[in-house]
Amino acid sequence: MNLTEKDKQYLWHPYTQHKTAAPPIAITKGEGALLWDEHNKEYIDAIASWWVNPFGHSNRFIADAIYRQLTTLEHVLFGGFTHEPAVLLAEKLLAMLPNNQQKIFFSDNGSTAVEIAIKVALQFHYNNSVNKTTIIAFENAFHGDTFAAMAASGISLYTQAFQNMLIDVIRIPVPVKGQEEISFQALRAAIGNYNVAGFIFEPLVQGAAGMVMYAPAALDELLQICRNHNILTIADEVMTGFGKTGKTFACDYLQLQPDMICLSKALTGGTIPMAITTFTQELFDAFYSDDINKALFHGHTFTANPTGCAAALASLEVLATNAMQDNILRVNRRHRDFEQRIQNHPKVSTTRVLGVIFALEIKTESAVSYYGNLRNKLYDFFIENGVILRPIGNIVYILPPYIITDAQLEKVYDVVEKALEIV
Ligand SMILES: Cc1ncc(COP(=O)(O)O)c(C=O)c1O
């Protein structure tokens, strides 16, 4: 049996209907923005492997840091123990984050980063003997697949089987251009009608919804409303963090700052699964007590894994280099040029760019579904042409590793342009 046949026998893949899905492609090697399959076919990874890999596959600098850590201290439990990579990473990250962020809590993936933030929002009020249990989230949000993260997510495909088993979430419209006032009103109404504990949002870009973008001023207004009513705010920067929007964090575009920030994906440069939730001192203090019941009883076996911390420290070093910052600017310039070239195409209804993120919507006569025929046709065309892009319904987005070359980017744009001819 070859790899794909053995995969079929043993494995269950994410977000996959195995009866109808094509067999997975077996990847054997990665370097820079490129991946190769078992038949040596080359692919450009134009979505940075689900947005985790800004600095390229098999990055030597990060790999060396991981190797050094693996051969010094690969892992130690974080309950009752600590270690240098965790302390250094916390110190370094807090210096980069908005200055109201004072405490770091480690976990393993974006969903757990969100899960912890929501639990802290709920327990903060519980510890203060205040009855606030409802969370506010945006329509079409995506915050992950664990239960609280799922409750906050608004894409029904992911959550419909569990609808009656989730914590209370009120959904408000995203303040996209022209809809800002509707969103503000909905937030005020929700706060008036429910005992709201917190508001969670993907700052400036809703990734899984199809790179839906909205302005910092609108988010500032929503944060101000929350602040006026003592509602805790959670910025889910799992996708947007570490340069994707052109600034280190999407929150860097804001005037006001959230109470909590969730990080994962690019945190370790796409090498080792790791996540972080960050908190204000006030939140930490609400759990600081002589009463053990007020502690945060949440943890994972691999919390603050030293190897993951070493990978994250090396990634932050790479991100800070002038070369990498120039790459972010270069990709943004190239995206904007492509936007100029494509925005008047008869099959394109809208385009948008922020940082290294580009998205276009294809005109359709009727609503299309998330994993529908149009999406499948486009996906197959991209794969045939050696470009990994995963359209969302009628939305094609590009979110490449920052180190992608101009020639590779040009190939991605060309394939997207050609795809418009087949739809
Ligand atoms: C904004 C956001 N939050 C949370 C998650 C969940 O992260 P993970 O898949 O690592 O659990 C994702 C994943 O795409 C995401 O985009």
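Fair warning: this is a prediction, and the values are worked out from it, not measured in the lab.
- For Asp220 and Gln224, the side-chain atoms include no donor-acceptor pair closer than 3.5 Å.
- Between Phe242 and Phe249, the ring planes lie perpendicular to each other; the angle is over 60°, past the 30° to 60° tilted range.
- Looking at every heavy atom in both residues, Cys309 comes nearest to Leu89 through CA-CD2, 3.9 Å.
- Remark: the backbone N or O of Ala217 is not paired with any side-chain donor or acceptor of Tyr253 at under 3.5 angstrom.
- Nearest heavy-atom pair across Gly207 and Glu202 is N-OE1, 3.1 Å.
- Taking the side chain as every heavy atom from C-beta outward, Val415 and Phe382 approach each other to under 4.5 Å.
- With hydrogens and angles left out, the side-chain atoms of Gln163 and Thr159 include a donor and acceptor closer than 3.5 Å.
- Under 3.5 Å, the side chains of His125 and Asn195 contain no donor-acceptor pair of N or O atoms.
- Residues Arg390 and Arg375 meet the side-chain proximity criterion, which asks for heavy atoms closer than 4.5 Å.
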Which atom pairs, donor and acceptor, lie under 3.5 Å between side-chain atoms of residues 292-300 and protein residues at least two apart or in another chain?
from   : atom 1 : to     : atom 2 : distance (Å)
Asn293 : ND2    : Asp291 : OD1    : 3.1
Lys294 : NZ     : Asn127 : O      : 3.2
His298 : ND1    : Lys119 : NZ     : 2.9
His298 : NE2    : His300 : NE2    : 2.8

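- The shortest distance between side-chain heavy atoms of Pro175 and Leu222 falls below 4.5 Å.
- Between the side chains of Gln69 and Thr72, not a single donor N or O lies within less than 3.5 Å of an accepting N or O.
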